[in-house]
S.K.: 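First the structure, which I've put down as structure tokens, then a few questions once you've had a look.
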Protein chains: 2
Amino acid sequence: MRPSKKDELVRKALNVFYRHGFHASGMDLVAKETGVSKTAIYNHFRTKDDLILAVIKLRDEEFRAWMVSRIETYGETPEERLLAVFDAHAEWFAQKGFFGCLFIKACAEFQDPAHPVHQQSCAHQAQGIAYYRSLAVAAGFADPDEIARTIWFLAQGAIVAAVMAAIDNPAASARVAAAKMLACAERRSV
Amino acid sequence: MRPSKKDELVRKALNVFYRHGFHASGMDLVAKETGVSKTAIYNHFRTKDDLILAVIKLRDEEFRAWMVSRIETYGETPEERLLAVFDAHAEWFAQKGFFGCLFIKACAEFQDPAHPVHQQSCAHQAQGIAYYRSLAVAAGFADPDEIARTIWFLAQGAIVAAVMAAIDNPAASARVAAAKMLACAERRSV
DNA sequence: ACATAAATGTACAGATCGGTAACGAAAATC
DNA sequence: GATTTTCGTTACCGATCTGTACATTTATGT
């Protein structure tokens with residue numbers, strides 16, 4: 001199987017797991033929805049967990065790249081980009097087929113901290129925080145860690161709200177809060 | 001079965017589902033862990049979903065009562081209580097056996113918005129926001145909805161962080177952000 | 001065109017899933 | 001103390017689960 005074909009399989013499997021959940025999606029369903037026979041799938045992935053891990057890794061790469069790209073389009077300066085985070089999230093929430101955060105779901109279904117899927121999902125979140133921190137550093141904030149954590153909390157809260165709460169445009173609401181927070185935050189002394 | 005016995009069964013089932021997940025916990029496991037035979041369980045709950053729904057409802061009642069109680073202990077005034085939210089969350093995160101938010105997990109596993117478990121979980125979140133809003137109103141903020149949403153976002157973000165992110169004491173960090181936000185927020189004009 | 005590799009559908013193994021039937025024991029009710 | 005309800009145990013049902021075997025067909029590379 002060509003690498004591109006394998007990617008395509010993983011991407012289609014991602015859709016199945018994303019929509020129906022990991023444990024709720026049987027391999028027969030995955031085979032049907034991806035159009036790849038179960039035999040062929042198991043030729044390339046030893047177990048279902050291996051496939052799920054590949055799904056998580058693909059999503060990690062693609063989603064982070066997409067998110068960074070959108071943030072850098074919405075905002076020019078580092079400080080603008082800290083707020084553009086929420087514009088990008090708003091765009092994400094508005095996409096048809098938005099069903100929440102795959103990584104939060106993955107950790108909800110694979111609770112064992114030793115499970116690779118759990119760890120990979122946590123690693124994804126760490127990268128998000130690290131990116132926000134780099135923006136906060138570039139923007140010259142005195143406490144970039146606190147800034148990054150706050151932006152991240154607000155963004156994750158908005159994600160949860162987008163799935164569970166009857167809040168209109170949670171990303172916009174979180175953006176307002178973030179803007180006020182940034183306006184009050186101290187800059188690094190020269 | 002006495003109501004108290006039934007409650008006890010639901011409470012023990014809650015522990016099973018909380019620790020292992022809903023789909024990953026078979027009814028045989030539930031029977032074993034609760035000490036109630038599968039037959040007896042099915043005498044009182046028509047299906048597994050019915051039991052799960054009872055679990056969600058029990059958790060909703062108990063957890064909200066606990067959270068409100070802790071918040072009102074940590075804070076005296078409404079404004080203090082908006083920050084005490086994070087003290088209560090910190091206490092929750094520190095409890096042994098903390099495994100994240102059951103309602104977030106429930107929505108992750110029951111994605112269909114028409115599913116009662118999904119709806120009940122969302123209703124729980126709505127009650128949380130409503131409580132924060134009542135505090136914001138009592139504290140005299142000009143825009144209690146925005147205040148409530150921000151507190152809620154930060155709290156939910158802290159919960160996600162407590163499970164997934166390598167952030168030390170996320171509740172304390174969220175509290176700092178919330179305090180700054182409240183300090184800048186406008187009061188209602190008399 | 002041919003040899004090789006890989007995909008397919010079907011069928012299956014073994015385990016587990018949600019849920020039930022049957023029956024004796026226990027216990028609450030009258 | 002007799003009766004009725006509820007309980008646990010055990011075994012089971014059909015469906016579905018992950019994962020595999022196998023023979024056939026389809027791509028692929030030279």
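Chain letters run A, B, ... following the sequence lines, proteins first and then strands; every chain starts at 1. The model shown is predicted, which means the values in this text are computed figures rather than measured ones.
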S.K.: If you assign each of B/Ile41 and A/Thr47 to its closest nucleotide in DNA chain D, which residue comes earlier from the 5' end?
M.R.: B/Ile41
S.K.: Using the six-membered ring of A/Phe17, assess whether NZ or CZ of A/Arg59 lies under 6.0 Å from its centre and within 45 degrees of the ring axis.
M.R.: no
S.K.: Considering only side-chain heavy atoms of B/Thr39, which listed nucleotide, C/dG18, C/dA22, C/dT10, is closest?
M.R.: C/dA22
S.K.: A/Arg149: which residues meet the salt bridge (charged side-chain N to carboxylate O under 4.0 Å, His left out) condition with it, sequence neighbours left out?
M.R.: A/Glu146
S.K.: Counting heavy atoms from C-beta on, name the nucleotide in D/dC7, D/dT9, C/dG19 closest to the side chain of B/Ser37.
M.R.: D/dT9
S.K.: Could you measure the distance from the CG atom of A/Asp49 to the CD1 atom of A/Ile56? Nearest 0.5 Å is fine.
M.R.: 10.5 Å
S.K.: Can you list, in residue-number order, the parts of residues 22-35 of chain B that come under 4.0 Å of DNA chain D, counting heavy atoms only?
M.R.: B/Gly35
S.K.: Which one, D/dC7, D/dT10, D/dT20, comes nearest to the side chain of B/Asn43?
M.R.: D/dC7
S.K.: Got a sec? Which of residues 13-20 of chain A come in under 4.0 Å of DNA chain D, heavy atoms?
M.R.: none
S.K.: With the threshold set at 4.0 Å, does a side-chain nitrogen-carboxylate oxygen contact exist between B/Lys12 and B/Glu8?
M.R.: yes
S.K.: In whole Å, what is the span from the NZ atom of B/Lys38 to the P atom of D/dC13?
M.R.: 14 Å
S.K.: Looking at B/Tyr42, I'd like to know whether one of its side-chain N or O atoms comes within less than 4.0 Å of OP1 or OP2 on C/dG19.
M.R.: yes
S.K.: Rounded to whole Å, please give me the gap between CG in A/Asp50 and P in D/dT18.
M.R.: 14 Å
S.K.: With sequence neighbours left out, what residues match B/Glu80 under salt bridge (charged side-chain N to carboxylate O under 4.0 Å, His left out)?
M.R.: none
S.K.: What is the distance, to the nearest angstrom, from the CG atom on B/Asp49 to the P atom on C/dG18?
M.R.: 10 Å
S.K.: Quickly work out the A/Glu8 CD to C/dA7 P distance and round it to whole Å.
M.R.: 13 Å
S.K.: For a quick test of reading the model: is some side-chain N or O of A/His44 closer than 4.0 Å to OP1 or OP2 of C/dA7?
M.R.: yes
S.K.: Which pairs would a plain distance check flag for residues 88-100 of chain B, meaning a side-chain donor or acceptor within less than 3.5 Å of a matching protein atom at least two apart in sequence or in another chain?
M.R.:
| unit_1 | atom_1 | unit_2 | atom_2 | d |
| --- | --- | --- | --- | --- |
| B/His89 | ND1 | B/Val85 | O | 2.7 |
| B/Glu91 | OE1 | B/Arg70 | NE | 3.0 |
| B/Glu91 | OE1 | B/Arg70 | NH2 | 3.1 |
| B/Glu91 | OE1 | B/Tyr74 | OH | 2.7 |
| B/Glu91 | OE2 | B/Arg70 | NE | 3.2 |

S.K.: Atom CD1 of A/Ile147 and atom CG of A/Leu82: how far apart are they, to the nearest 0.5 Å?
M.R.: 7.5 Å
S.K.: Using whole Å, what does the distance between atom C1' of nucleotide C/dG18 and atom CD1 of B/Ile52 come to?
M.R.: 11 Å
S.K.: Using a strict threshold of under 4.0 Å (side-chain N to carboxylate O), is an ion pair present between B/Arg11 and B/Glu62?
M.R.: yes
S.K.: Taking atom C1' of D/dT20 as reference, at what distance in whole Å does atom CZ of A/Arg46 sit?
M.R.: 14 Å
S.K.: Any salt bridge (Lys or Arg N to Asp or Glu O under 4.0 Å) involving residues 122-143 of chain B? Give me the pairs, sequence neighbours left out, ordered by first then second residue.
M.R.: B/Arg133-B/Asp145
